[in-house]
Every structure is written in structure tokens, then in C-alpha cells.
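Below is one structure, written out as C-alpha cells, with a few remarks after it.
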Amino acid sequence: MPLGLSRRTGFAATVAALALPLVACGARAPAGVAGDAAAGQVAVTRMACGSCHVIPGAEEADGRVGPPLTGFAKRQMIAGVLANSPANLERYLRAPDAVVPGNVMPDQHLSDKQLRDITAYLFTLN
Amino acid sequence: MGKVFSKPLLFGWLAGLATVGVVGGVFALLVMFGGVYDTSATKPHLKIVAWAVHHTMISAVGRRADDAQAPKAITPPMVAAGARVYQARCAACHGAPGMARADWARAMLPTPPFLLDARARWTPGALYKIVHDGVKMTAMPAWGEVESAQHIAQVVAFLQAMPKVSPEAYRRITAGVQPPAGSGFPAGR
């Protein structure tokens, strides 16, 4: 009996160990965020966001110009001005200079899809 | 240590070396002639490849950088001159304070970085080295082939000062310099 139990426990632990990274890799954004988080992760690299921001999961994203985006999903404010929400993030990314005049962060001319995908990715960062 | 080179072990060493050689050779042939590694610029490198090439570049530049070539004293006129050279030569790919990169630069991989914290990442000598001699396989040109040493030193001076140059000041300083096609400030500015 103790053997059976330990086997079962071992099996469950193995399944959990295999499944957990899958869940984590799926990088699913919370409900209400329409974009594709995996595509957003690539877009974040392509748009060189990491030149200025620390961004978990993005290559060489260790910039020290703007705030680190670690734990972005739980951030309360965007740029110290807007309450953090997917809609406000898209608004900010579309025109950083309109939200914070004089901002060095450029409008990167992101497509609607890129905006949604990047928003989805940032909202996976807990 | 004598035992490591005993006769039976010598055979093992040779067999191991041969195996590594054959496996490595097959791998190299698959990559070079089999086309198994995707070189298109739509998907980023494998993480380990990106890490390896990036750190190869950082080490190569660090080894060859010479601070003696960097500008000695950085003056406001030097920064302003550097900003104008930067606007003409660099901004399309690297952006500027408040300014996006050209759309075609955003389609490049590796993607050309914004340079606001270049002064925190590199010594002045390293920046001079990168601008003057370029970087293989990144599309960074060797500007020393086409620009004067003075202009390159001015750009390095501007890179040192970039965080102190507001988007407004940058626009004022570079007014009249032909902005690179496809890049620019937000519409309506």
C-alpha cells in the first residue's frame, strides 16, 4: 500500500511537473485581452522595447531608460498618468507623447494587431 | 594523471574525439547545406544563438575598444553637431529622443536598438569602435569608411549626452537636416 501510494504520488508529481511549464509557456493573457501573447512576445523583441525597458521573456531586454515592465499585469499606473488597463495601455502605446508631453518614448507606429498582441503579452507578466 | 593516458583509455579518448567530430560534422553539414536553420528575418534567432552572437559582439568590441579615440571633452557645440550627423546617418535605424525608427528598420532582425542608454552599456571608446568599424551580420555599417573621424567623434559625444537632449531640443537642433526616409516624429508634429 505505501508503495502504491508513493507510485501514485510520483505519477501525479510527474504529470504536474510536465504540465506546469506548458501552462506557463502558453502565456495566456487574462480575459478581456484579445491579442496573441506569443506574437506579442516576438513583437516586443522586434520593436526593440528592451533597449529602454527590462522585460521578462524578451531577448536582451535590459534597458535602463523607462520603467521595468516586470509584473506589468499588477502595475497600477501607466507612465504615472493612466490607470493600468488593456485599453489604456493601447492608448498609451499609440501616442506616448499625447499622454505625457515631452516624452522620449516614441510612437512606434504599431499596427492594431501589434498593439493587441503586445498588450496581451505584457498582461501575462505577473 | 598517468592513468588517463594508459593504452586502453587512449582508445577511449580517440573514439570519443572521433564521435564528437562526426556528429559535429553532420550537424554542420545539415546547417550549412541542408538548410535546417532558418535565417529569415521574420522569426528571432534561437535564444541560445541570439545570446551567443550578441555576447561574441560585446566581447569583441570590448577587446578592441580604445578610449583614446573617444572625444576628450564633450562640449555643447560638439553635441549639437553630433545630433545633426546622427539625424542624417543613424536615426533611421536607431530612432532618437521621442522619434521612432523607420518602418523598414523595424523589419530588421537583429533589430537595431534605441540608444538612449548606450552610454550605460558601452564605454566611449567602445561606442567609437562600433560606429567607426561597424558590426558584422547586424547591418551596422563601418561608418569610418564613409565619414570623417571628426563626425564619428561628434556622434559619440551626442550618444554621451542623449538622455539630456529632450525630443523638443533634438528637433530644434536637427531642424533642416533631411530626416531619413520613413522615420520621423508622430504625425502632425
Side-chain angles (χ1 to χ4, degrees), chain A residues 21 24-25 27 36-70 79 81 90-115 117-118 121, chain B residues 40-55 57-58 91-122 138 159 162-171 182-189:
Chain A
C25 286
D36 173 351
Q41 187 172 10
V42 175
V44 159
T45 296
R46 189 182 273 296
M47 289 299 138
C49 307
S51 303
C52 295
H53 299 280
V54 171
I55 312 169
E59 277 160 36
E60 311 290 342
D62 55 358
R64 286 149 293 183
V65 177
L69 305 183
T70 317
V81 176
E90 288 189 29
R91 178 180 155 198
Y92 180 64
L93 291 175
R94 218 179 272 282
D97 181 69
V99 175
V100 180
N103 205 335
V104 293
M105 176 159 158
D107 167 10
Q108 292 233 61
H109 313 295
L110 300 171
S111 69
D112 288 349
K113 178 174 171 14
Q114 285 171 328
L115 278 167
D117 293 347
I118 289 174
Y121 181 63
Chain B
S40 63
T42 51
K43 263 178 279 166
H45 270 308
L46 293 177
K47 278 214 156 64
I48 184 152
V49 177
W51 179 85
V53 294
H54 191 63
H55 285 268
M57 188 272 274
I58 291 172
C93 283
H94 292 290
M99 201 182 109
R101 304 167 300 167
D103 55 357
W104 43 264
R106 285 179 274 136
M108 292 165 72
L109 272 178
T111 194
F114 289 93
L115 299 175
L116 256 145
D117 79 344
R119 67 198 296 272
R121 294 175 188 267
W122 304 100
T138 65
L159 291 173
M162 209 195 291
K164 295 177 201 156
V165 181
S166 68
E168 186 55 41
Y170 182 79
R171 269 200 318 147
S183 61
F185 283 101
R189 299 217 36 194

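Atom CZ of residue A:Arg46 and atom CD of residue A:Gln108 lie 12.0 Å apart, to the nearest 0.5 angstrom. Atoms CG and OG, from A:Asp117 and A:Ser111 in turn, are 7.5 Å apart once rounded to the nearest 0.5 Å. Atom CD of A:Glu90 and atom CD of A:Gln114 lie 12.0 Å apart (nearest 0.5 Å). Interatomic distance, CH2 of B:Trp104 versus SG of B:Cys93, reported as 4.0 Å (0.5 Å rounding). Considering CG of A:Asp112 and CZ of A:Arg94, their distance stands at 5.0 Å, rounded to 0.5 Å.
No other option in B:Val165, B:Leu115, B:Leu116 has as many heavy-atom pairs under 4.5 Å with chain A as B:Leu116. The most heavy-atom pairs under 4.5 Å with chain A, out of B:His54, B:Lys43, B:Arg121, come from B:Arg121.
Contacts with chain B (heavy atom to heavy atom, under 4.5 Å) involve these residues of residues 61-69 of chain A, listed by number: A:Asp62, A:Gly63, A:Arg64, A:Val65.
Of all heavy-atom pairs spanning B:Pro97 and B:Ser166, the tightest one is CB-C, 4.2 Å. Contact record, A:Pro56 with A:Tyr121: O-OH, 2.6 Å, taken as the closest heavy-atom pair.
Interface remark: B:Ala118 contributes no atoms to any contact with chain A (heavy atom separation under 4.5 Å). With a 4.5 Å cut-off on non-hydrogen atoms, B:Pro112 touches chain A through its backbone but not through its side chain. Looking at B:His94, neither its backbone nor its side chain comes within 4.5 Å of chain A, counting heavy atoms on both sides.
By the side chain to side chain contact (heavy atoms under 4.5 Å, CB included) test, A:Glu59 pairs with A:Thr45, B:Pro44, B:Lys47, B:Ala50, sequence neighbours left out.
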